[in-house]
Amino acid sequence: MIYDVAIIGSGIAGLSAALRAKELGKDVVVVTKKYPTQAQSSMAQGGINAALSEEDSVEAHIADTLRSAAGLSDEGVVRYVCESAPEAIAWLDYLGTPFSRKGASIAQRPLGGASAARACYAQDYTGLKILHTLYDNCLKAGVKFMSEKFLLNIIIEDNIAKGVTLLNIRTSQVEQLLSKAVVLASGGYAKIYGAFSTNGYGSYGEGLAAAMRAGAVLSDLEFVQFHPTALAKSSILISEAARGLGAKIVDGKGERFCDELATRDELARAIWAKIEEGQEVYLDMRGLGEELLMRELPQERKLARIYEGVDPLQEPVPIRSAAHYSMGGIDVDIDGKTSIKGLFACGECANAKLHGANRLGGNSLLETVVLGRRTGESATMCHNEVEEKTYERTRIDTDFVRAVFGLPNQIDFMERQEFLHKVLYNNAGIVREELAMKGVLSLIRQHQRELAFMGIRDKSPIYNTELVRFIEYGNILELAEAMVVAALQRNESRGAHYRKDHPEPKEHFKAHSHVWKEDGVLCADFKEV
Amino acid sequence: MRLRIRRYHPHFEPPSIDMEYEISGGGTLLEALEEIKQKRDRTLSFSSMCRSGVCGSCAVRVNGKEELACTYKPKDGDYIEPLSVVGVLRDLIGDFNSSLATLKKAHAYPVQMHSGMSEEDERQIERQSDCILCVSCYSSCPVYETNPSFLGPFALSRAYRYVADSREENKKAHIDAVLQNGIWDCTLCGNCTAVCPQGIDPKNDIVLLQSWAAKFGHLNPNLGNFGSFGLEF
Ligand SMILES: Cc1cc2nc3c(=O)[nH]c(=O)nc-3n(C[C@H](O)[C@H](O)[C@H](O)COP(=O)(O)OP(=O)(O)OC[C@H]3O[C@@H](n4cnc5c(N)ncnc54)[C@H](O)[C@@H]3O)c2cc1C
Ligand code: SF4
Ligand code: SF4
Ligand code: FES
């Protein structure tokens with residue numbers, strides 16, 4: 001069977017693309033390594049931006065987005081997304097999304113860096129409710145789902161995408177999925193910081209790594225947003241909406257030391273500096289009161305109690321800053337086209353240059369919907385000839401998975417992985433510097449050389465989660481290398497990328513960093529905005 | 001602290017055994033499972049994603065009751081088993097395919113919507129739309145033992161969510177979809193309500209669906225027999 005459109009990823013981007021392609025009468029299949037609604041999109045709490053109210057305007061939304069992007073966004077994309085936002089909310093409403101309301105209108109709240117209360121929300125379940133509503137609509141529309149299949153590689157012939165190879169997690173068999181267009185909607189890579197990330201397990205950017213192996217260009221990888229307020233022990237997110245409602249950031253003495261509504265990068269650095277001084281930092285939500293907290297942020301109290309053992313109504317909650325969102329991604333144009341024919345990308349795995357050097361809260365869900373739909377549409381216009389045969393890529397990947405079972409397992413990859421996360425966070429995280437990053441790069445390359453001595457202890461072909469984690473780890477190494485290379489070549493500070501040795505922005509770096517692979521060798525360069 | 005875990009692998013003989021593990025304790029059950037996997041036994045298989053109770057991938061049974069591993073704090077001697085669903089794949093990982101298939105059968109999706117609703121209207125469906133599809137309620141439901149085609153608690157709650165949605169114009173299509181193997185087959189035992197981590201009350205939603213069905217002239221087929229006690233007057 002050859003599908004019209006194969007979409008990898010069942011988050012809000014993937015499902016928005018799927019619904020659009022299905023509306024246009026195409027055979028659509030959505031692949032996910034879990035079950036459809038178990039995507040990270042379910043975790044988004046704060047909201048989705050759209051200028052809807054009298055006090056707000058599309059122009060203000062555009063201006064805020066451009067300001068935050070620090071010169072690295074594409075104004076045409078920003079304008080298109082912000083202008084499409086009210087319509088996107090109306091579409092979601094029409095599909096049945098139960099947004100919180102104020103009177104007859106959709107309620108909106110302020111998030112950091114926004115000049116108006118612009119984020120539409122559904123309590124603190126915004127992502128969950130949008131995702132499940134889209135899923136319900138996909139069931140209605142007859143979108144086909146393939147669950148528990150792990151993307152390994154993109155099948156390329158004559159520089160055209162013909163489908164993908166998948167690891168069937170239930171059986172450890174490699175399968176090929178052929179389609180006239182492939183859409184990657186596989187999410188971001190902020191989890192390469194492991195325990196120092198707010199993201200769920202699995203956001204390791206496998207889609208990006210697969211695209212890079214297939215020859216696509218990745219851009220602006222060095223821009224990773226660190227969220228200022230994550231729980232200190234677990235890195236679980238406390239939504240920015242808490243600060244919007246009046247929560248304060250305080251030090252061990254209970255004193256404020258920053259402006260809570262400053263941009264995320266400024267706050268993350270202020271908190272990092274305090275913690276580097278050996279102090280502890282807290283989020284004080286006591287002023288919100290029980291009624292407001294339970295109505296607007298019901299999850300937060302539960303999570304603070306479970307993971308920190310602290311009731312936010314009684315005590316300030318210990319926090320740290322953690323990797324949260326990846327601005328960089330597979331380089332695409334406004335239609336989601338990558339540098340490879342037939343290969344598209346949307347959502348957090350893509351870089352359509354909406355967020356530039358820094359994302360505004362509430363703009364990424366908006367991107368997943370608006371550009372997800374647009375990418376879904378442009379994928380339907382792709383008419384590649386795909387032959388029904390076993391492709392070379394499928395043979396190679398089958399051999400690869402077989403080989404992993406035979407690896408000697410002399411070095412424990414899980415130990416290595418934990419160490420790598422820590423080193424990345426401390427040296428290529430919130431605050432960066434050349435020498436330290438060069439150290440990180442050589443560590444990554446050493447880990448890559450050691451892969452052949454690692455391997456898996458679990459030799460069962462049935463639902464082998466160690467196998468999945470090992471392949472994820474290989475991807476993490478590949479992507480971390482590309483990210484650190486990009487961070488090293490940007491000798492300036494801009495948006496979320498902060499270099500202690502180059503603390504100011506420089507005009508000639510007002511350019512997108514590109515990385516790609518040629519014959520397996522990593523190449524890097526800049527491209528003008 | 002010790003945990004007892006029911007292990008399952010279809011190729012082993014016997015396929016199912018209980019194993020005990022020492023854990024450091026203090027964290028969540030998911031953190032304990034992670035500790036076992038990383039430090040003691042790489043073959044232990046379980047599922048997780050968000051760590052924060054929203055993705056619905058980590059539900060298991062603890063001492064017979066459904067819990068999310070990422071929000072449950074284990075106690076010494078706890079017995080951990082997979083959900084009771086059709087087909088365990090391995091250890092704590094269940095096959096969700098047949099339970100998820102109930103959603104489509106129950107028409108748990110919008111049929112004909114218009115946009116716009118009030119604050120009050122939204123409150124009517126707030127709880128039901130908190131569902132994370134963790135499948136805990138399905139696992140707890142006793143009806144499956146006698147009727148594997150039963151639509152089940154989450155599908156019915158999610159169908160009710162669209163019936164109660166003020167934007168939905170075609171309520172009848174929803175009711176028609178939940179009559180067979182649906183609202184009348186539930187025994188109203190309340191197990192589902194007791195285990196839902198999101199505080200959803202599928203039992204009550206089923207009762208509400210029954211009264212909607214009555215509005216459309218459908219009577220409880222079981223009551224017919226009851227009403228006359230089988231006697232002819
Ligand atoms: C805690 C948290 C809170 C957030 N809050 C907000 C907010 O309030 N507002 C906002 O705008 N943004 C927010 N964000 C960001 C936003 O949620 C994400 O950017 C967005 O959901 C990404 O959606 P996506 O569809 O691109 O990817 P995801 O939702 O991450 O989905 C990725 C999909 O790809 C699949 N996949 C990945 N790898 C593979 C593979 N190898 N094989 C097969 N399938 C694969 C996954 O299973 C999944 O289905 C938040 C993020 C986090 C972590
Ligand atoms: S109340 Fe009904 S649906 Fe819920 S567990 Fe009991 S029989 Fe099943
Ligand atoms: S109704 Fe509750 S228990 Fe059932 S799937 Fe939804 S969240 Fe889980
Ligand atoms: S890991 Fe997502 S609900 Fe537990």
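So that the names make sense, note that chain A is the first sequence line, chain B the second, and so on, each numbered from 1. This one's a predicted model, so the numbers in the text were calculated from it and none came from an experiment.
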Contact class of [X] relative to chain B, heavy atoms under 4.5 angstrom:
| X | answer |
| --- | --- |
| A:Thr97 | backbone |
| A:Tyr35 | side chain |
| A:Asp412 | side chain |

- Query: Mind checking whether B:Phe46 and A:Thr465 have side chains closer than 4.5 Å, heavy atoms only?
  - Reply: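 Heavy-atom side-chain distance check fails, nothing below 4.5 Å.
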Do B:Pro110 and A:Asp136 come close enough that some side-chain heavy atom pair is under 4.5 Å?
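A side-chain contact under 4.5 Å exists here.
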Which one, [options], leads in non-hydrogen pairs under 4.5 Å with chain B?
| options | answer |
| --- | --- |
| A:Leu92, A:Leu131, A:Ile306 | A:Ile306 |
| A:Met43, A:Lys102, A:Gln40 | A:Met43 |
| A:Glu466, A:Gln299, A:Arg305 | A:Glu466 |
| A:Leu303, A:Leu95, A:Leu128, A:Ile106 | A:Leu128 |
| A:Ile236, A:Ile462, A:Asn464 | A:Ile462 |

Exercise. By a 4.5 Å heavy-atom criterion (distance strictly below it), what part of B:Ile93 contacts chain A: side chain, backbone, both, or neither?
Worked result: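 The answer is the side chain of B:Ile93.
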Output the distance between atom CG (A:Leu139) and atom NZ (B:Lys105), rounded to the nearest 0.5 Å.
->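 Taking CG in A:Leu139 and NZ in B:Lys105, the distance rounds to 12.0 Å.
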Exercise for review: Calculate, to the nearest 0.5 Å, the distance between atoms CZ and OG1 belonging to B:Arg161 and A:Thr133 respectively.
Suggested key: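 Between B:Arg161 CZ and A:Thr133 OG1, I get 5.0 Å after rounding to 0.5 Å.
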Quiz item: Are B:His9 and A:Ser460 linked by a side-chain donor-acceptor pair shorter than 3.5 Å?
Solution: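 A pair is found: one side chain offers a donor N or O, the other an acceptor, under 3.5 Å apart.
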* Under 3.5 Å, is there a donor-acceptor pair between the side chain of A:Lys140 and the main chain of B:His107? ->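 Flag not set: sc A:Lys140 to bb B:His107 has no pair under 3.5 Å.
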